[in-house]
Novice: 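This is the structure, below, for whatever I ask next.
Per chain, numbering begins at 1; letters A, B, ... match sequence-line order. Below, each value reflects all heavy atoms present in this structure, side chains not excepted, and no hydrogens, waters or symmetry copies.
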Amino acid sequence: MASTSTTAGEQAPGLQSQLMTLNLGPQHPSTHGVLRVVVTLDGEEVVEAQPDIGYLHRNFEKIVEGWALPGVVPFSDRNDYLAAIANEVCVCDAIETLGEVELPDRAKWLRVLFAELQRIISHELWYGAFGMDLGAFTPFLYGFRDRETGYLLMEKATGARMLYAYNRIGGLRNDVTDAWLKELEGYLDFMEKQAFPEYMKLLIENEIFVMRTKGTGQLTREQAIAWGASGPVLRSTGLPWDLRKKRPYLVYDQLEFDVPTGTNGDNYDRAMVRMLEIKESIKIIRQVLRRLPDGPVLAKARAAVRPRVGEYYARQESPRGEVGVHLVSNGRPNAYRLKWRAPTFSHLQLVPLMCRGVKMADMIANLGSLDIVMGEVDR
Amino acid sequence: MSLPRTVWNTVKSLVVGHAVTAREIATRPITVFYPEEKPEFPTGSRSVPVLKVNEESGYINCTSCGLCERTCPPGCIEITQAVDPATNKKKPWPHLYTLDLSHCMVCNLCVEACPFDALEMLDVPELATYQVQDLKFHKEQLLDLWKTGKAIRIAEGQPMPSK
């Protein structure tokens, strides 16, 4: 904890306070990973908050230039490790488009199913962590209880808890069993009937929560657009921008769901949008379960993936926003260049803007409501 | 909002919140004290790719073709082909087969790439070691692991996972 001193100008003589520089992180538990925020404090008020990133840099984009494209898919899990399926599906989309691989029908539907299940799990974790940020410990336990059930489901289907390596170029590694689908239905019932009302009662409808979050961390729609925000952060400002609706991929155009939006763009709206998204995801998974076609889950000619010369930008709606893969190929089995667009990288840039002049405790709430994953920011 | 109303809402949400948590008194705890008691590990989760022995011939299936070595994205498999010392000819089995589990992503790509069904993904948990060098498995260790994994499965009466 280093401190420098400058005198604040606007105080009455004799009542001058000193500005203090505080290092929040890189290992502070409330900063969601190895994020360091250099905060300049005037008393309890934040004068300036400057995020310092790069502690989790793994050189993803350069490393994959030397790898054959099928290997990029499991490695992309490590980017947004709380929503690994979303990464896989996006990078597979880019490679399949350039490689001209046709997806089997069942694989498309199953990808939607897993992406939405991942969204539920990711929002459950966010719910728990956001409660912790605001000083409420109980919601954390409830969020993690259901997240654990979800991860067990994922592990049974994919073979891993968090980093699934489940998608292959041209489909999925293995099919799911009917017993697993039954189990998933039970999980959805549990989420809808028991867990979701509990979440609402414990945190979202709590008066203290409402008072802490309403009006704090406010963003206007123009600001959100200008800073490249996407996902719940953008939708909380009232713009119903959801790539699943606006640029439908996989089979999202055949599914019925709403896009929850907020009005004020404050912490409460962001929380509310995420909570309602859990409900929408449950709705989507139920439709997928009803309409899941039979057939293979992996296209046949998948061993020789040689993308054509060209470039393609695949963009999809991950739980945190628009995740994008810009793949440039020169016809070789490895990528010439692969640019990863991480939604939370853009969201992290909002921190100095949102945290100017707020109390320290609110700053943690602002950070939490942006739902930042450092694995994705640093790549 | 007026102060009495805020106070009333706060008290109400506290009561509602406590009503949710109060129900947990009647339920059993879900915490598993891990090293002392073992949780139920789901079958079919991936932990380490190992060489396996052909049940009929009693030898390993690996012909040292090197496909897994080339497929492995982080390059954690290393194969040295066996050479007959008398004739100096290459033999279709590995002299050395090393897997560096500390680099392995456990992505299953090597198992899928193998045309000879020589590799198998085990679901043995608890492979952690104190030394990172201990995660470098040689051919014999991989075979031992395969035997252990098989023994565990037979003891628990589970079917072998398919490829």
Side-chain angles (χ1 to χ4, degrees), chain A residues 63-64 66-75 77-78 88 136-139 141-142 144-145 148-149 151-161 163-169 173-174 177 180 194-195 197-211 214 298 302-303 333-334, chain B residues 1 3 5-24 27 29-32 39-49 67-77 103-115 121-123 125 159 161-163:
Chain A
I63 284 176
V64 297
W67 285 13
L69 283 170
V72 179
V73 183
F75 194 20
D77 280 348
R78 274 88 182 149
E88 283 181 18
F137 185 68
T138 312
L141 296 172
Y142 282 79
F144 271 59
R145 175 196 67 184
E148 193 55 43
T149 326
Y151 272 153
L152 268 178
L153 269 175
M154 284 297 226
E155 186 169 6
K156 277 176 191 163
T158 67
R161 262 173 66 84
L163 308 168
Y164 308 107
Y166 185 53
N167 286 275
R168 294 284 179 267
I169 294 165
R173 184 170 74 95
N174 54 331
T177 58
W180 186 83
Q194 196 189 332
E198 275 176 357
Y199 289 0
M200 297 305 273
K201 281 182 204 160
L202 274 177
L203 190 67
I204 309 292
E205 286 170 0
N206 191 303
E207 185 68 14
I208 301 166
F209 173 84
V210 175
M211 282 162 71
K214 266 212 169 136
L298 194 55
R302 69 181 170 93
N334 51 343
Chain B
M1 209 184 288
L3 185 67
R5 185 140 189 90
T6 312
V7 171
W8 165 245
N9 278 346
T10 310
V11 170
K12 197 177 84 179
S13 44
L14 283 179
V15 170
V16 168
H18 278 94
V20 173
T21 49
R23 246 184 295 152
E24 300 293 328
T27 57
I30 54 172
T31 311
V32 179
E40 209 180 296
F41 297 110
T43 54
S45 35
R46 307 186 302 270
S47 68
V48 55
L67 259 178
C68 51
E69 195 181 6
R70 262 174 286 152
T71 311
C72 180
C76 61
I77 299 173
H103 284 187
C104 180
M105 294 203 289
V106 209
C107 61
N108 208 43
L109 286 176
C110 52
V111 181
E112 283 162 41
C114 183
M121 189 56 80
L122 279 194
D123 54 0
S162 60
K163 196 182 172 193

Novice: Before giving the answer on side chain to side chain donor-acceptor pair (under 3.5 Å), spell out for Glu155(A) and Ser45(B) the whole-Å C-alpha distance, their side-chain angles and the decisive distance to 0.1 Å.
Specialist: CA-CA 6 Å; Glu155(A) 186 169 6; Ser45(B) 35; 3.2 Å; yes

Novice: Which atoms of Tyr166(A) come close to chain B, meaning under 4.5 Å heavy atom to heavy atom: side chain ones, backbone ones, both, or neither?
Specialist: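 Neither part; nothing is under 4.5 Å.
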
Novice: What option among Gly71(A), Ala165(A), Gly159(A), Ala68(A) has the most heavy-atom pairs under 4.5 Å with chain B?
Specialist: Gly159(A)

Novice: Going from CG on Leu67(B) to CD on Glu112(B), what distance comes out if it is rounded to the nearest 0.5 angstrom?
Specialist: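 Taking CG in Leu67(B) and CD in Glu112(B), the distance rounds to 13.0 Å.
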
Novice: Who among Ala19(B), Ser47(B), Cys72(B), Pro74(B) has the most heavy-atom pairs with chain A under 4.5 Å?
Specialist: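 It is Pro74(B).
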
Novice: How many angstroms lie between CD in Glu198(A) and OG1 in Thr21(B), if you round to the nearest 0.5 Å?
Specialist: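 Separation between the atoms: 9.5 Å.
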
Novice: Do you know which of Gly75(B), Cys107(B), Ser13(B), Pro73(B) has the most heavy-atom pairs with chain A at a distance under 4.5 angstrom?
Specialist: Pro73(B)

Novice: What part of Arg23(B) is in contact with chain A, defined as an atom under 4.5 angstrom from a non-hydrogen atom: side chain, backbone, both or neither?
Specialist: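 Just the side chain, heavy atoms under 4.5 Å.
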
Novice: State, with a plain yes or no, whether a side-chain heavy atom of Val16(B) is found less than 4.5 Å away from one of Glu207(A).
Specialist: no

Novice: Report the distance from atom SG of Cys76(B) to atom CD of Glu69(B), rounding to the nearest 0.5 Å.
Specialist: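 One gets 10.5 Å once the value is rounded to the nearest 0.5 Å.
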
Novice: Heavy-atom distance under 4.5 Å to chain B: side chain of Leu163(A), backbone, both or neither?
Specialist: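 Interface part for Leu163(A): backbone (N, CA, C, O).
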
Novice: When rounded to the nearest 0.5 angstrom, what is the spacing between CD in Glu148(A) and CG in Leu153(A)?
Specialist: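 Here the rounded value is 11.0 Å.
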
Novice: With a 4.5 Å cut-off on heavy-atom pairs, point out which of Arg70(B), His18(B), Glu24(B) contacts chain A the most.
Specialist: Glu24(B)

Novice: If I measure from the heavy atoms of chain B, does Arg161(A) come under 4.5 Å with its side chain, its backbone, both, or neither?
Specialist: neither

